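Letters A, B, ... are given to chains in the order of the sequence lines, protein chains preceding strands, and every chain is numbered from 1. Since the structure is predicted, the reported quantities are computational estimates derived from the model, not experimental observations.
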Amino acid sequence: MLRSHTCGQLRKSDIGTEVTLCGWVESKRDHGGAVFIDLRDRYGLTQVVLGPPEANPELIAEASKVPAESVILIKGKVADRLEGKTNDKLETGDIEVRCHHYEILNACTTPPFTPGQSDLPGEDLRLKYRFLDLRRSEMQEALVRRSQIIKKMRDYFAERDFIDVETPILGRSTPEGARDYLVPSRVHAGHFYALPQSPQLYKQILMVAGFDRYVQVAKCFRDEDLRADRQPEFTQLDLEMSFVDCDDIIGMIDGLVAETAKEVLGKDIQLPLPRMTYDEAMRRFGHDAPDLRFDMEIVDVTPVAKKTEFRVFRGTADAGNFVRGMRVPGGAKQYSRRQIDVLTEFVKEFGAKGLAWFRVEDDGSLFSPIAKNFDEAHLAEIKELLAGTPGDLLVFLADTWETTCKGLYALRKRFGAEMKLYDADALNCSWITEFPMFDKDEETGNWHAMHHPFTAPLAEDLPKLESDPAGCRAQAYDLVINGSEAGGGTIRIHDSEIQSKVFGLLGIDEKTAEDRFGFLLNALRFGAPPHGGIALGVDRWVMLFAGLENIREVIAFPKTQKASDLMTDAPGEVDAAQLTELHLKTVKTKS
RNA sequence: GGCGCGGUAGCUCAAUUGGUUAGAGCCCCGGACUGUCGAUCCGGAGGUUGCGGGUUCGAGUCCCGUCCGCGUCGCCA
């Protein structure tokens with residue numbers, strides 16, 4: 001090592017020691033006769049002083065010219081700081097190093113921004129100069145936390161007899177699911193590999209092979225549009241177990257959640273984590289990943305709507321649709337008429353036609369531009385159903401079940417954030433269970449697997465598999481942290497006959513199934529143990545555990561919304577020769 | 001693909017209703033300075049207002065197109 005200590009290491013007890021430090025010049029304060037340099041590495045910041053008598057005038061003059069963010073090596077003696085000159089903001093603030101030897105290991109060209117500056121530059125610039133951005137303490141902390149969490153996961157499963165097995169990155173395209181990233185084959189003209197959306201099939205095969213407990217930190221790829229919590233390339237903690245049911249997997253992850261929260265955040269999590277069925281989640285919160293850090297539940301007032309004269313409510317109810325609403329405690333003051341107009345526009349983004357609202361007045365009466373359409377008794381009933389108290393805002397959507405779910409879920413999320421209804425430090429973890437096996441594509445009328453086509457139905461719903469697909473529930477479970485899907489898994493079908501039936505329902509004919517999943521169907525005939533597993537979103541875990549709101553903040557080299565890497569300029573063009581070799585030709589598409 | 005926000009000096013931002021030579025702080029360059037820690041003081045440089053077109057006597061500002069970044073809907077088994 002070039003250095004004897006790190007920049008975060010030295011304390012009063014080291015005074016008098018001769019040390020060698022290496023690091024980056026965070027800042028420099030030049031007084032002519034003496035120069036102060038804050039030297040930084042990932043461990044901290046140490047003040048280096050170049051002044052007489054240790055440093056000669058030439059050395060001081062040279063140091064005064066060193067550009068910010070240069071990498072230097074200094075030798076000197078640890079010294080006590082003068083009375084009243086200590087710096088409480090630094091761990092090393094009680095000492096300084098009096099430098100007698102100084103060399104530039106690599107001078108920094110003028111950087112577009114510095115890690116220490118108070119104004120964070122635009123994100124495109126941060127991504128282009130990621131090596132500078134990653135010098136920022138926030139980024140370093142996030143990646144350290146990521147490393148801790150992954151280590152915790154690996155240790156936890158290793159202690160429980162899981163075997164880490166790597167599965168291929170070059171696989172084959174699957175007919176269902178997200179859009180694949182494809183890799184052309186040079187050897188097989190016109191054939192393509194697909195990058196894995198998850199190691200799903202391989203881990204099931206590993207169970208058939210008798211590995212019993214498998215785990216992997218797996219890179220996954222999905223060519224879909226990005227979001228604040230979504231990257232095209234992301235990391236899953238993927239695992240699979242044999243001879244298990246839902247409770248076994250959930251219990252295993254419960255333990256991981258509690259241990260991780262304890263070790264990484266010092267937080268105690270009560271086990272078992274609460275569970276809620278999918279139906280209940282949709283009914284109470286309108287979404288399968290509800291944010292349970294705060295209350296505020298959806299209330300169905302359709303029965304009252306049916307009795308009223310208000311056309312919008314009555315018509316919706318009579319058509320078999322729903323009128324559902326929420327109580328916003330104290331919302332009457334928070335939201336003016338004008339702001340309610342904004343909310344109305346907001347719910348339209350989710351397909352709602354409008355937003356009905358009532359204000360609970362001081363005398364307990366309901367005020368609303370639509371109130372005149374209601375009998376007193378019906379108003380009273382609505383107020384009672386929502387437990388409205390003076391100062392509350394009551395909001396309603398009258399629409400299909402799906403639209404009321406979407407709109408009210410979005411509103412609830414917005415109210416939660418705008419009215420600060422939850423503790424920003426809270427870590428709320430829970431399970432959503434009993435997902436439907438299938439959902440229907442409204443355009444084509446086709447059934448889709450809600451999770452994936454290998455998901456086992458609940459045993460009690462097995463008879464309904466073909467007669468009532470919509471009512472058939474799956475042995476599926478999602479881990480939800482602070483309203484974000486942090487993981488999901490299922491018990492798999494381990495019987496080739498049931499698997500074929502499910503493929504049939506999904507419109508995957510025998511030939512396609514044989515073509516794409518023949519190896520799995522085949523394996524299921526060779527002594528397949530009952531098995532199931534789960535995949536945890538590592539990036540999201542880190543984001544949630546770090547209290548961050550963007551997945552790019554926990555990924556060293558993330559991609560932009562258009563899936564490009566601003567640092568390397570990927571994706572890029574390739575030589576014509578490369579294309580020829582891969583039997584590819586590019587075509588221009590009209591845009 | 002749709003909707004919304006943004007793009008002005010290296011960086012962060014400002015610029016009245018469309019009106020003089022587009023400003024400030026930081027950074028950078030030169031100078032002064034032995035106790036700073038956002039050092040200070042003096043001086044200086046730095047602009048295709050993302051790009052292209054249009055309206056106008058006149059456009060950073062208005063209009064159209066386009067590129068890029070962000071958020072979101074669709075999408076994401």
Nearest whole angstrom, please: distance from the C1' of B/C76 to the CD of A/Gln197.
9 Å

Applying side chain to side chain contact (heavy atoms under 4.5 Å, CB included) to A/Pro67 and not counting sequence neighbours gives A/Ser70

Using the P atom as the reference point in each nucleotide, state the distance between B/G50 and B/C27 in Å, no decimals.
26 Å

Expressed as a whole number of angstroms, how long is the span from A/Leu125:CG to B/A9:P?
12 Å

Sugar-phosphate, base or nothing in reach of A/Gly122, heavy atoms under 4.0 Å:
sugar-phosphate

A/Tyr193 side chain vs A/Leu182 backbone, donor-acceptor pair below 3.5 Å
no

Of the nucleotides B/C76, B/U72, B/G35, which has the atom closest to the A/Glu224 side chain?
B/C76

Whether A/Thr560 contacts B/G69 is assessed here as follows: a side-chain N or O lying under 4.0 Å from the phosphate OP1 or OP2. Is that the case?
yes

Determine the Euclidean distance between corresponding P atoms of B/G53 and B/A45; express it in Å to zero decimal places.
32 Å

Identify, between A/Ala68 and A/Ala34, the residue whose nearest nucleotide on RNA chain B lies closer to the 5' end.
A/Ala68

Assign A/Thr92 to base, sugar-phosphate, or nothing according to its heavy-atom contacts below 4.0 angstrom with the strands shown.
nothing

Using Watson-Crick or G-U wobble geometry with both distances under 3.5 Å, which nucleotide pairs with B/G38?
none

Can you tell me how far CD1 of A/Ile493 sits from CD1 of A/Ile498, rounded to the nearest 0.5 angstrom?
6.5 Å

Check whether any side-chain N or O of A/Ser564 sits under 4.0 Å from OP1 or OP2 of B/G69, and answer yes or no.
yes

Taking the side chain of A/Glu123 as its heavy atoms from C-beta onward, which of B/C75, B/A39, B/C70 lies nearest to it?
B/C70

Contact under 4.0 Å: A/Arg98 side-chain N or O vs B/G35 OP1/OP2:
no

With sugar-phosphate meaning primed atoms plus P, OP1 and OP2, does A/Gln117 contact a base, only sugar-phosphate, or nothing at under 4.0 Å between heavy atoms?
sugar-phosphate

Detail all sub-3.5 Å separations between protein N/O atoms and N/O atoms belonging to nucleotides 2-7 of chain B.
none

Can you tell me if A/Phe113 is stacked onto the base of B/C11, using a 5.5 Å centroid cut-off and an angle below 30°?
no

Could you work out the separation of B/C26 and B/C70 based on their P atoms and round it to a whole Å?
30 Å

Give A/Leu506 one of three labels, base, sugar-phosphate or nothing, depending on what nucleic acid heavy atoms sit under 4.0 Å from its own.
nothing

Using atom CG of A/Asp94 as one end and atom C1' of B/G35 as the other, report the distance to the nearest whole Å.
16 Å

Picking from B/G74, B/G69, B/C76, which would you name as closest to the side chain of A/Ala178?
B/C76

Quick one: are A/Asp180 and A/Gln197 in side-chain contact, heavy atoms under 4.5 Å?
yes

Could you give the distance separating B/U16 and B/A22 at their P atoms, to the nearest angstrom?
14 Å

C1'-based separation of B/G47 from B/U21 [nearest Å]
13 Å

With under 30° as parallel and over 60° as perpendicular, where do the rings of A/His452 and A/Phe454 fit, or are they tilted in between?
tilted

B/A39 and B/C33: how far apart are their C1' atoms, nearest whole angstrom?
11 Å

Select base, sugar-phosphate, or nothing to describe what A/Pro52 touches, counting heavy atoms under 4.0 Å on all strands.
base

For a quick check of understanding: with a heavy-atom distance under 4.0 Å over all strands, which category does A/Lys406 fall into, base, sugar-phosphate or nothing?
sugar-phosphate

Given the structure, check if the side chain of A/Arg29 and the base of B/G38 hold any donor-acceptor pair shorter than 3.5 Å.
no

Rounded interatomic separation in angstrom, taking CG from A/Leu226 and C1' from B/G74:
14 Å

For A/Lys89 and for A/Glu176, locate the closest nucleotide of RNA chain B by heavy-atom distance; then report the residue assigned to the nucleotide nearer the 5' terminus.
A/Lys89

P spacing across the pair B/G74 / B/C28, given as an integer number of angstrom:
47 Å

Is any side-chain N or O of A/Gln47 under 3.5 Å from a base N or O of B/U36, one able to act as donor and the other as acceptor?
yes

C1'-based separation of B/G43 from B/G54 [nearest Å]
44 Å

Selection from B/C28, B/G71, B/C37 that lies nearest to any side-chain heavy atom of A/Asn87
B/C37

Parallel, tilted or perpendicular, as decided by the 30° and 60° cut-offs, for the rings of A/Phe322 and A/Trp401
perpendicular

Watson-Crick/G-U partner (both atom distances under 3.5 Å) of B/G4
B/C70

Mark this stacking check for A/His31 against B/A39 as yes or no, applying ring centres under 5.5 Å and ring planes under 30°.
yes

Taking C-beta and beyond as the side chain, do A/Ile253 and A/Leu239 meet within less than 4.5 Å on heavy atoms?
yes

With distance as the sole criterion, do the side chain of A/Arg222 and the base of B/C75 form a donor-acceptor contact below 3.5 Å?
no

How would you label the contact of A/Phe350 with the nucleic acid (heavy atoms, under 4.0 Å): base, sugar-phosphate, or nothing?
sugar-phosphate

Nearest of B/U36, B/C76, B/G74 to any side-chain atom of A/Arg81?
B/U36

Check: A/Ala289 main-chain N/O paired with A/His287 side-chain donor or acceptor under 3.5 Å:
yes

Once you round it to whole Å, what is the distance between C1' of B/G30 and NZ of A/Lys65?
12 Å

Under a 3.5 Å cut-off for both distances, is B/G46 Watson-Crick or wobble paired, and to whom?
none

Can a salt bridge be assigned to the pair A/Arg516 and A/Glu176 using a cut-off of 4.0 Å between side-chain N and carboxylate O?
no

What is the distance from CD1 of A/Ile551 to P of B/U72, rounded to the nearest Å?
12 Å

Does A/Ser198 reach a base, just sugar-phosphate, or nothing at all? Heavy atoms under 4.0 Å.
base

Answer with base, sugar-phosphate or nothing: what part of the nucleic acid does A/Pro121 contact at a heavy-atom distance below 4.0 Å?
sugar-phosphate

Which whole-number value in Å describes the distance from A/Lys128 NZ to B/G69 C1'?
13 Å

Show me the side-chain donor-acceptor pairs of residues 43-60 of chain A shorter than 3.5 Å, one per line, residues at least two apart or across chains.
residue : atom : partner : partner atom : Å
A/Thr46 : OG1  : A/Cys7  : O            : 2.6
A/Gln47 : OE1  : A/Arg29 : NH2          : 3.0
A/Gln47 : NE2  : A/Glu96 : OE1          : 3.1
A/Glu54 : OE1  : A/Arg98 : NE           : 3.1
A/Glu54 : OE1  : A/Arg98 : NH2          : 3.4
A/Glu54 : OE2  : A/Arg98 : NE           : 3.0
A/Asn56 : OD1  : A/Glu58 : N            : 3.2
A/Asn56 : OD1  : A/Leu59 : N            : 2.8

Answer with base, sugar-phosphate or nothing: what part of the nucleic acid does A/Asp30 contact at a heavy-atom distance below 4.0 Å?
base

hbond_proxy A/Asp119 side chain to B/G25 base (donor-acceptor, 3.5 Å cutoff)
no

Taking a pair to mean Watson-Crick or G-U wobble geometry with both distances below 3.5 Å, B/A59 pairs with none

So, under a plain 3.5 Å distance rule, would you say the side chain of A/Glu96 forms a donor-acceptor pair with the base of B/G35?
yes

In terms of relative ring orientation, are A/Phe517 and A/Phe503 parallel, tilted or perpendicular, with 30° and 60° separating the classes?
parallel

Do the side chain of A/Asp288 and the main chain of A/Tyr278 share a donor and acceptor less than 3.5 angstrom apart?
no

